[in-house]
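Remarks on the structure that follows.
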Amino acid sequence: MKLRVKPVKRFPHSEAISVDSGSPLLPLAVSHRRLVGDGKMSTTQASHSLAFRVMRLCRPTLHVDTPLLVDPSDLLVGEDIFDDPLAASQLPRLLSGPGIKPPEDAADLGYRTRFLLHDATDSMGLSGLLLLPQAFGAIYLGETFCSYISINNSSNFEVRDIIIKAEIQTERQRILLLDTSKSSVESIRAGGRYDFIVEHDVKELGAHTLVCTALYNDGDGERKYLPQFFKFIVANPLSVKTKVRVVKDTTFLEACIENHTKTNLYMDQVEFEPAQNWSATKLKADEHHSEMNSAARETFKPPVLIRSGGGIQNYLYQLKSSSQGPEHVKVEGSNVLGKLQITWRTNLGEPGRLQTQQILGAAITRKEIDLQVAEIPATIIFGRSFSIHINLTNLTERELGPFEVSLSPDDSPEERAVVINGLQKMALPKVEAFGSSDFHLKLVATKLGVQRITGISVFDYRERKTYDPLPDMEIFVDLE
Amino acid sequence: MEQESTDAGALLDPLSNPFASLDSLSPDLSSLNDLATRGSWRSILDKVSRSRSLNLLRHPHHHLTYLSFNVLALSKLRRFADASAELESLQDLDSPEYRYESYPKIYPDRSGSMVPFFLRWLHCIVPLRLEQRREGLDRLYRLVDLVREKLKEREANSREESLNVWKRRELFVMNTIIGDHLSHKEFSVCLDLIKDLLSRDCSGLDAVLLSKLGYIQLQVGDLEGAKGAFSRVEGISSEGNSVELKNLVNRNKALIYLVGKDYVSAVREYEVCIERDHMDFVAINNKAICLMYLRDLSDSIKVLENSLERVPMVALNETLVVNLCSMYELAYVNHSEIKKTLSNWIARVAPDDFDSSCTRI
């Protein structure tokens, strides 16, 4: 199932401003590498005063630590000492006194916070500290690529009239993210920087290149051109398998979403957008009894998380056609049901959005005729002819027929147990729209016991087609 | 030894108050404690080794206390193999050798286990750090069982102080378990365990635990769940008015703003926290991160550098240093100079357990 990116409103680019770094002059040696994923820098002949530094800015993470923090009463005394009433009365004071926990404004706090347990939950290691992304990581279709770009003047001279451009280049297109040619940056002082943040919604798979270029006048007045390239690959995060089943008048759509990424995906929304003449309802399984505890309910709705690297989640939708009545005309060719819109989130709510292609329903084989057995004898004797009364109804709004009723050719190696007695083909006249016709068919049973009447089918001379046969019917063939 | 003898230290007569000072609990305990608060773990190793060789540890519980400090120091210095060896030298922690009643002459009228609880905890943690996760987790879950047994006994006898201590220990161990699952990204388990803890009545810690539930929900991407948890925290803390709780509420708000990419409002929330408590290093660190997402790399660097200068005893944290170094790498083409400067400063002031690999030099 092919996935497409849902068009999403692009975020406005931040206005770039000149930055005075206020830091001491750096040595002239320009290091050429701040890699972003598989980023490569172009080899330039001339040495440049400017250099691009790029860092992917996906969301920061809430850092998880493995701290070794102690509560004094767990270390300084035996575990059962508080059972001693004297200890119970004396120790709390001692263990929270100035010897252990000095007042906050004390001159020398030491590194108490790296030793003492402040709260029992500290041992979880989740203090709420944020950590900057430490690696480029993987990037997937439907996500937003965000990057901090800093252009650095590491020379001893001011550079002037800088035109900066940032683009994303893919196999199919070039997308401009930033262009200062209308209002070029006047200057970047020695040791200074010019920063900007760019964002791009990833809508294509495969190789992408972030191309950063700067056209500037260096300290000697020479006009120089600096291109830098940072490559990354976009992969497919999900695959969706669908199955359509029709039960009477209702169409059911099963969707199975598989997670191909390296992180768990929180499924924020998986909605089916039905096509014009359909309506859809998502069907949910009954809630697990443990979730019925209402006090915990709102906060603890277990999140729908698809495990990384191959986890799956199934969804079921009930679809109803909104056209009224049984005169639903069969649509030749496609039968479009709609598409799935999928929104997921990862770390700190980093969103991704995709939609599937149009999902097609089963081809409508709307029944045109209905064949039913209206009457059948109570007793059927072996070898003796018996008659069944069949009713043929024309379900369409046009005249059908004339017809021929016969036993369809037998595929199985065994002979049929019940065969037509007499003329093997029976002719039936035309039946008008929504009309019906009754006829009797003479049969004879050639085997004893429980047998089936099978293979009675109807052929339409005019349309030259065979309809579905009469549904199989079980009978009991007696001896006498 | 059968009879207690007073040594040059401050051992008081046991008939009067044996809990008057740290040193009356174990010899030189105040010194050990002081070294620990300074992060002088190597000195602790020396001290333990000396005290043992000079035979200064008279009573069984002294040995256990010193051994606990030793294992802790080794662990802090990330020498987990050595810590494990030290732990192996012990008998089963439930053996009579470590019970007061086995030494009636030394501990008249006292019964129970003299094992410092932290030693049991270290016994679980060390295998985890040695990549023996199954063993470590098994030990932690068994420890929870032990704690719950102790709780049941004390509930029956209604010893309040003792009960409170064991309740806190239960939370402590459960949170350690949650932390391990968290570091292995087993989020569903974490959420279930926290839900279980919150469903009991541990009112005092609800706000912090609820906030952590919110953080896990944020990590997973369940923004609505996190918002729900944080608003419950706000409900709790409006009754108390400690600076700590107020800051917690503001920091939670900041995270929601950050998730919505409203970094300006997030910075504002963190500034409120710092105004209230200039040592709130979580607010300081996170404010710097937000500034960076606002394209203000220079100020984000300044915020972190200032905090290291002003309040190093809380700011000197490996995560903060990693963030600062990431910022340096972005801001400076030749960042090795400035990272070296930082690294040299750290070497001068940092405690023994500081992991200097975080500067990535």
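Numbers restart at 1 for each chain; the letters A, B, ... are given by sequence-line order, proteins then strands.
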Strictly by salt bridge (charged side-chain N to carboxylate O under 4.0 Å, His left out), give each pair with a member in residues 207-220 of chain B just once, sequence neighbours left out.
A:D122-B:K212

B:R169 side chain to A:E79 backbone, donor-acceptor under 3.5 Å
yes

Nearest 0.5 Å please: distance from the CG atom of A:L131 over to the CG atom of B:L320.
10.5 Å

Residue part contacting chain B, namely of A:T263, when any heavy atom lies under 4.5 Å
neither

Do the side chain of A:D80 and the main chain of B:G112 share a donor and acceptor less than 3.5 angstrom apart?
no

Applying a strict 4.5 Å limit to non-hydrogen atoms, the region of A:L126 in contact with chain B is both

Has the side chain of A:D268 got a donor or acceptor atom that lies under 3.5 Å from a matching backbone atom of B:G221?
no

Check the pair B:Y100, A:I81 against side chain to side chain contact (heavy atoms under 4.5 Å, CB included), reporting the backbone distance first and the verdict last.
CA-CA 10 Å; B:Y100 294 119; A:I81 200 141; 3.6 Å; yes

Does B:W41 have any side-chain hydrogen bond (donor to acceptor under 3.5 Å, both in side chains) partners at least two apart in sequence or in another chain, and if so, which?
B:D353

Decide, yes or no, whether a salt bridge links A:D74 with B:R168 under the criterion of side-chain N to carboxylate O below 4.0 Å.
yes

Measure distances from A:P67 to the heavy atoms of chain B and classify the residue's part below 4.5 Å as side chain, backbone, both or neither.
backbone

Toward chain B, the part of A:T113 with a non-hydrogen atom under 4.5 Å
side chain

Under 3.5 Å, is there a donor-acceptor pair between the side chain of A:R114 and the main chain of B:M313?
no

If I measure from the heavy atoms of chain B, does A:Q134 come under 4.5 Å with its side chain, its backbone, both, or neither?
side chain

Straight-line distance of B:C190 SG to A:M124 CE, nearest 0.5 Å
7.5 Å

Between atom CE of A:M55 and atom CD of B:E329, what is the distance when rounded to the nearest 0.5 Å?
8.5 Å

For A:L69 and B:F118, work out which heavy atoms get closest and say how close.
O-CE1, 3.5 Å

Ignoring hydrogens and angles, tell me if any N or O in the side chain of A:N152 forms a donor-acceptor pair with the backbone of B:A331 under 3.5 Å.
yes

Flag, side chain of B:N323 to backbone of A:L132, donor-acceptor distance under 3.5 Å
yes

Could you walk me through whether A:D83 and B:S162 satisfy the side-chain hydrogen bond (donor to acceptor under 3.5 Å, both in side chains) test, starting with their C-alpha distance in whole Å, then the side-chain angles of each, then the deciding distance to 0.1 Å, before giving a yes or no?
CA-CA 6 Å; A:D83 292 341; B:S162 186; 2.7 Å; yes

Do side-chain atoms of A:S123 reach the backbone of B:F172 as a donor and acceptor pair under 3.5 angstrom?
yes

Whether A:Y148 side chain and B:Y293 backbone form a donor-acceptor pair below 3.5 Å:
no

Is the shortest heavy-atom distance from the side chain of B:F281 to the side chain of A:L129 under 4.5 Å?
yes

